[in-house]
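What follows is one structure encoded as structure tokens, with my remarks underneath.
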Protein chains: 2
Amino acid sequence: MKQSLSETCYKFFSTLANPTRLAIVELLRDSPRNVTEISQILNQEQSMISHNLQRLDECRFIFSEQRKKKRFYSLNKETMEPLLKLFTYHSEKYCPTGGKCLNKNNLQKRKLREASDPLYLAHQ
Amino acid sequence: MKQSLSETCYKFFSTLANPTRLAIVELLRDSPRNVTEISQILNQEQSMISHNLQRLDECRFIFSEQRKKKRFYSLNKETMEPLLKLFTYHSEKYCPTGGKCLNKNNLQKRKLREASDPLYLAHQ
DNA sequence: TTTTCATATGATTAATATTTCATATGATGG
DNA sequence: CCATCATATGAAATATTAATCATATGAAAA
């Protein structure tokens, strides 16, 4: 019996609809990392990162591997690279100034938007 | 000054991370519809559909056109078709039974999951 | 086999997003 | 222009999701 599209699809997109998880994805784009490393680089609580890694893992956006005491997470590039490319293409074509896809009501107010966020700084 | 990837990207995915909006997307995949039609087919309040259409419109996932008294919304297929294909490919490869991408904690409990939901029925 | 480093888990609290309801605005035919 | 159909808007009420904190579990070196 086939899964409802709306349900699986909702899980797919909602897992990506989170600044912390997007920051993790961006970080893992460069290289695999263990949990402690990720939490240090993103300057967030270990347990918070762990919770979010699990969400990404459930959808197989990332894979994990135990190496000695540490568990390394890596990006599922097969899915994530085309997905991020599609996003980039769309946003450059349809939201060139950011104004089209963003308005004052939709600004992110969470921690990762703050100045301490490496991604926020990296992509200004 | 380039927009922060995390912020625009968050808007992109969070706009799609909603069962009502996914249902609208699915509906518009077949043909353009006006607001009243959409709300009747999905059996939801007109104002609720209207709010959600605006979210989709802000991200240019849909386009709109006034025809006489009615406003028709149509899908941005350039973006949405490859995006949905990518989702389908991923979910079939990595979440074949639904079990990998879904667990008991992540079941949707909203209206559109209920038996009256045409999408839910259509994709069982 | 115990200590330490590393990660995961669960429940509570805090933050955000969505729906709803009442009403305003828009378009157009009469 | 007035009536009416059609859609949009805003604020309040609900519902959902995320972060936090305390603690449990796991892996391996000593």
* **Under 3.5 Å donor-acceptor pair, B:S47 side-chain atoms to C:dC21 base atoms** => yes
* Short side-chain N/O contact from B:Q44 to OP1 or OP2 of C:dT19, under 4.0 Å -> no
* **For B:S39, side-chain contact (heavy atoms from CB on, under 4.5 Å) partners two or more places apart** => B:Q46, B:I49
* Are A:L56 and A:L28 close enough that some pair of their side-chain heavy atoms sits under 4.5 Å apart? -> no
* To do: Please check the phosphate of C:dT18 (OP1 and OP2 only) for any side-chain N or O of B:N52 closer than 4.0 Å.
  => no
* Asked: Phosphate oxygens OP1/OP2 of C:dA6: is one of them under 4.0 Å from a side-chain N or O of A:N34?
  -> no
* What integer distance in Å separates A:L42:CG from D:dT20:P? -> 13 Å
* To do: Report yes if a side-chain nitrogen or oxygen of B:R55 is closer than 4.0 Å to either non-bridging phosphate oxygen (OP1 or OP2) of C:dA17; otherwise report no.
  => no
* Whole-Å gap separating C1' (C:dA6) and CD1 (A:I38) -> 13 Å
* Structure fact -> Sorted by chain and number, sequence neighbours left out, side-chain contact (heavy atoms from CB on, under 4.5 Å) with A:E65 holds for A:R67
* Just grab all the ring-ring contact (aromatic ring centres under 6.0 Å, His included) pairs involving residues 27-61 of chain A, residues at least two apart or on different chains. => A:F12-A:F61, A:F61-B:H90
* To do: Starting from C1' on D:dA18, measure out to CD1 on A:I24 and report it in whole angstrom.
  => 12 Å
* Asked: Within this structure, what is the NE2-to-C1' distance between A:H51 and C:dT13, rounded to whole angstrom?
  -> 13 Å
* Structure fact -> In whole angstroms, the gap separating C1' of C:dT19 from CD of B:E45 amounts to 8 Å
* Would you classify A:F72 as touching base, sugar-phosphate or nothing, given that sugar-phosphate means primed atoms plus P, OP1 and OP2, and contacts are heavy atoms under 4.0 Å? => nothing
* **Length of the CD-C1' vector between A:E37 and C:dT7, whole Å** => 14 Å
* So, is A:Y10 close to the D:dT16 phosphate, meaning a side-chain N or O under 4.0 Å from OP1 or OP2? -> no
* To do: Could you check whether A:S50 gets within reach of a base, just the sugar-phosphate, or nothing at all, counting any heavy atom under 4.0 Å?
  => base
* To do: Write down the distance between CE (A:M48) and C1' (C:dG10), rounded to a whole number of angstrom.
  => 17 Å
* To do: Not counting sequence neighbours, which residues clear side-chain hydrogen bond (donor to acceptor under 3.5 Å, both in side chains) with B:K85? List them please.
  => none
* **Contact letters for nucleotides 25-30 of chain C, in which S counts primed atoms plus P, OP1 and OP2 and B counts the base, heavy atoms under 4.0 Å** => --BBS-
* **Smallest separation among heavy atoms of B:M80 and B:V25, with atom names** => CE-CG1, 3.8 Å
* Taking CG from B:D57 and C1' from D:dA8, how many angstroms apart are they, rounded to a whole number? -> 12 Å
* Asked: Among all residues two or more places apart in sequence or in another chain, which pass the salt bridge (charged side-chain N to carboxylate O under 4.0 Å, His left out) test with A:K69?
  -> none
* **Donor/acceptor link under 3.5 angstrom from A:Q54 side chain onto base of C:dA8** => no
